[in-house]
Amino acid sequence: MNSWLGFDASTQSLSALLVDDSGNILSEEEVNFGRDLPQYNAPQGFIEGNSEGEFHADPLMWLDALDLCLQRMSEGGADFSSVVGISGAGQQHGTVYLNEDWEKHLSRLSSDKNLAKQIGPCISRATSPIWMDVSTGQECEEIAEKLGGAMEVCRRSGSVPIERFSGPQIRRFAKIDPDAYARTTRIHLVSSFLASVLAGKDAPIDHGDGSGMNLLNLETLTWDEELLEATAPELANKLPDPVLAETVVGPLAPYFQQKYGIPGSAQVVAFTGDNPSSLVGMGAAQPGKVVISLGTSDTFFAAMPEVKTDPNGYGHVFGNPLGGFMSLVCFRNGSLAREKVKEQLGVEWTAFDCEGLQNTPIGNDGDGMIPFFGPEINPRVDFHEPLLFGSEEFQKDPDPNKLVRACLEGQFINMRLQTEWIGAKPEVILLTGGASSNDGIAQTIADVMGIPVDRLATSGSVATGAVLRAARPLGGNFSAIQEHLCSPVDGSRRYPAEGTLPAYQRLAQSFSQALAGKSPRR
Ligand SMILES: Nc1ncnc2c1ncn2[C@@H]1O[C@H](COP(=O)(O)OP(=O)(O)O)[C@@H](O)[C@H]1O
Ligand SMILES: O=C(CO)[C@@H](O)[C@H](O)COP(=O)(O)O
């Protein structure tokens, strides 16, 4: 039976999933960047730069992770012999800068050496800015000014100029290191970079991930000439073509056949962003369903019946890999903020579980937190530590149990407020990402949103989406795989507790008041 290989290269890990045409999982593997590749000094997948707001990662780390992941699968006995299609997804917005040797080296990958060694000489910017980077406020203003305003950029690209988006990041690189920018002949996203390596040839950028760049015109689905012009010189020549997510890039590079025994006839399908891939992997690519992903970032996304942009300029419109568009709202203080609370209190994740949360009432007696441990992007405010509000006692000497609840309730009240513009009224919200397995977090989302939440059978919705996207254009059994992997786990649904509305209305009001005192980042 044919099988399909899907990759997920997100912030903290690279994982792979091998699935047959009936949806049975044949093999799965994960490489955690911090744990498995400590030589990159990136315990959580990123490194802080020297300038304020800079967050980067070493692109060679992603290549080492790809090699290690396949090596582990192969050593673990994974049977790659029936692989027909391969696809994947990358954390969104991150950019990889390559010099003129890139295509030559790609076409000659030798199985005697590892990928990082062979691609290393082609890298023209040692580290890649990733989605956490907020260092491009100035560049966003410059791009907006050249286009006649931020809302014009939004009208064209689906988002106002956004600090983490690739266009402003490329502009900053062209300004701070014009020589290295001039030596750069190709700029890839994390997704298209990895697709290129697997295919051994320069791969295109799909519309899903391409719309996270402030460069793609959503009406024409081509690079927007004015946006290119406003961003950096000669940019059109440095970008791969934007294509439909179902585009077949070409057969797998011989490197992977020789080294890991994956058939050379296997076709690589264009990679996309991790969130668009997750939309497919959650079975939510048709309008009507809403997904909350609790990865490193928290994201809220849904397929869009018609294009609608955020009047406040915080949310985004991306291409839906199965056609049409999706809305997405991203929160920078997601899992890392929850981890900070956990570390500071010296507790385990059980403190965030239903049992831990039983020590405090819904609404926390009005004691709350703006749970931002670093700059937030939704809303766009500068924070270095969270802000407590409510009773004097809580602000001065907070009870640890209350802090846990205040963090979670604050995160999801903020999410509720920031996603109102989408107008989604789903019957159930689908949860995915590392923190979604935590019942207390799932229950808090159900309570705050007032909507039941479900988890699916597969934990890795990004890689599942990649498997489905590989299967679809290559004649795979999309519906069988989807039915098998994208159904809710029996008994995992959490229902909102009765009568929570007034407590959360009051808390949302206090949250907004406390936040109103903080000025926006730009
Ligand atoms: N039991 C748990 N409760 C809450 N959060 C968890 C739990 N297990 C893992 N996490 C969170 O999941 C995060 C990783 O999620 P993941 O989806 O793998 O991230 P990414 O895809 O961005 O690399 C970690 O940062 C961790 O904080
Ligand atoms: O910036 C965004 C979306 O716009 C992030 O969601 C990144 O795509 C990283 O994803 P995770 O690693 O947190 O899943």
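Order of appearance sets the numbers: ligands from 1, and atoms from 1 within every ligand.
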### Query
Would Glu152 and Arg155 count as a salt bridge (Lys or Arg N to Asp or Glu O under 4.0 Å) if you check the C-alpha gap in whole Å, the side-chain angles of each, and the deciding distance to 0.1 Å?
CA-CA 5 Å; Glu152 176 57 16; Arg155 192 187 66 76; 2.9 Å; yes
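- The distance from ligand 1 to the heavy atoms of Thr11 drops below 4.0 Å at these ligand atoms: 22 (O), 23 (O).
- The side-chain heavy atoms of Ser128 and Val190, taken from C-beta on, include no pair separated by under 4.5 Å.
- For the pair Pro276/Asp209, no side-chain contact is recorded, criterion being any heavy-atom separation below 4.5 Å from C-beta on.
- Backbone and side-chain nitrogen or oxygen atoms of Thr299 are examined, and none is located within less than 3.5 angstrom of a nitrogen or oxygen of ligand 2.
- Checked by distance only, ligand 2 and Asp274 come closer than 3.5 Å through their nitrogen or oxygen atoms.
- Residue nearest to atom 2 (C) of ligand 2, selected from Ser277, Cys330, Ser159: Cys330 (by heavy-atom distance).
- Of the candidates Ser278, Ser293, Ser461, Thr432 forms a side-chain hydrogen bond (donor to acceptor under 3.5 Å, both in side chains) with just one, namely Ser461.
- With a 4.0 Å heavy-atom cut-off, ligand 1 is reached by the side chain of Glu339 but not by its N, CA, C or O.
- Put simply, the side chain of Leu216 does not reach to within 4.5 Å of the side chain of Ser157, judged on heavy atoms.
- Although no hydrogens or angles enter the test, the distance criterion places no donor-acceptor pair under 3.5 Å between the side chain of Ser192 and the main chain of His188.
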### Message
Determine whether Arg72 and Asp36 satisfy the following criterion, salt bridge (Lys or Arg N to Asp or Glu O under 4.0 Å), listing intermediate values before the conclusion.
### Response
CA-CA 12 Å; Arg72 286 180 175 172; Asp36 298 319; 3.1 Å; yes
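- Polar contact with ligand 1: present for Thr296 (N/O pair, distance under 3.5 Å).
- Within ligand 2, the atoms closer than 4.0 Å to a non-hydrogen atom of Ser297 are 5 (C), 6 (O), 9 (C), 10 (O), 11 (P), 13 (O), numbered from 1 in the order shown.
- Of the charged side-chain nitrogens involved, at least one lies within less than 4.0 Å of a carboxylate oxygen, so that Asp298 and Arg338 count as a salt-bridged pair.
- The pair Arg405-Asp447 fails the salt-bridge criterion, with no side-chain N (NZ, NE, NH1 or NH2) lying under 4.0 Å from an Asp/Glu carboxylate O.
- Residue-level proximity to ligand 1 for Ile441 is carried by the side chain, the only part with a heavy atom below 4.0 angstrom.
- Those atoms of ligand 2 that come under 4.0 Å of a heavy atom in Gln92, given as number and element, are 3 (C), 7 (C), 8 (O).
- By heavy-atom distance, the residue among Gly295, Ser293, Ser335 lying nearest atom 11 (C) of ligand 1 is Ser335.
- Only side-chain heavy atoms of Asn438 come within less than 4.0 Å of ligand 1; its backbone N, CA, C and O stay farther off.
- His93 NE2, 2.6 Å is the protein heavy atom nearest to atom 4 (O) of ligand 2.
- By the 3.5 Å distance cut-off applied to N or O atoms, Asn275 is counted among the residues near ligand 2.
- Those atoms of ligand 2 with a heavy atom of Arg164 less than 4.0 angstrom away are 1 (O), 2 (C), 3 (C), 4 (O).
- Within the listing of ligand 2, atoms 3 (C), 4 (O) sit less than 4.0 angstrom from a heavy atom of Leu328.
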### Message
Applying salt bridge (Lys or Arg N to Asp or Glu O under 4.0 Å) to Arg332 and Glu163, what does each step give before you reach the verdict?
### Response
CA-CA 12 Å; Arg332 192 171 179 279; Glu163 288 147 313; over 6 Å; no
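- Thr11 OG1, 2.5 Å is the protein heavy atom nearest to atom 12 (O) of ligand 2.
- When atom types are taken as modelled, the side chain of Trp223 and the backbone of Pro240 share a donor-acceptor pair closer than 3.5 angstrom.
- In this structure, His93 and Phe318 have tilted ring planes: the angle between them lies in the 30° to 60° band.
- Looking at Gln12 next to ligand 1, an N or O pair under 3.5 Å apart turns up.
- Of the heavy atoms in Val462, none comes closer than 4.0 Å to ligand 2.
- Shortest contact from atom 9 (C) of ligand 2 to any protein heavy atom: Trp131 NE1, 3.3 Å.
- Within the set Gly434, Gly440, Ala351, the minimum heavy-atom distance to atom 15 (O) of ligand 1 is found for Gly434.
- Shown in contact with Gly433 at under 4.0 Å from a heavy atom are these atoms of ligand 1, numbered in order with element: 17 (O).
- Taking atom 21 (O) of ligand 1 as the reference point, the nearest protein heavy-atom neighbour is Ser10 CB, 3.1 Å.
- In this structure, the side chain of Glu409 engages the main chain of Gly363 through a donor-acceptor pair within 3.5 Å.
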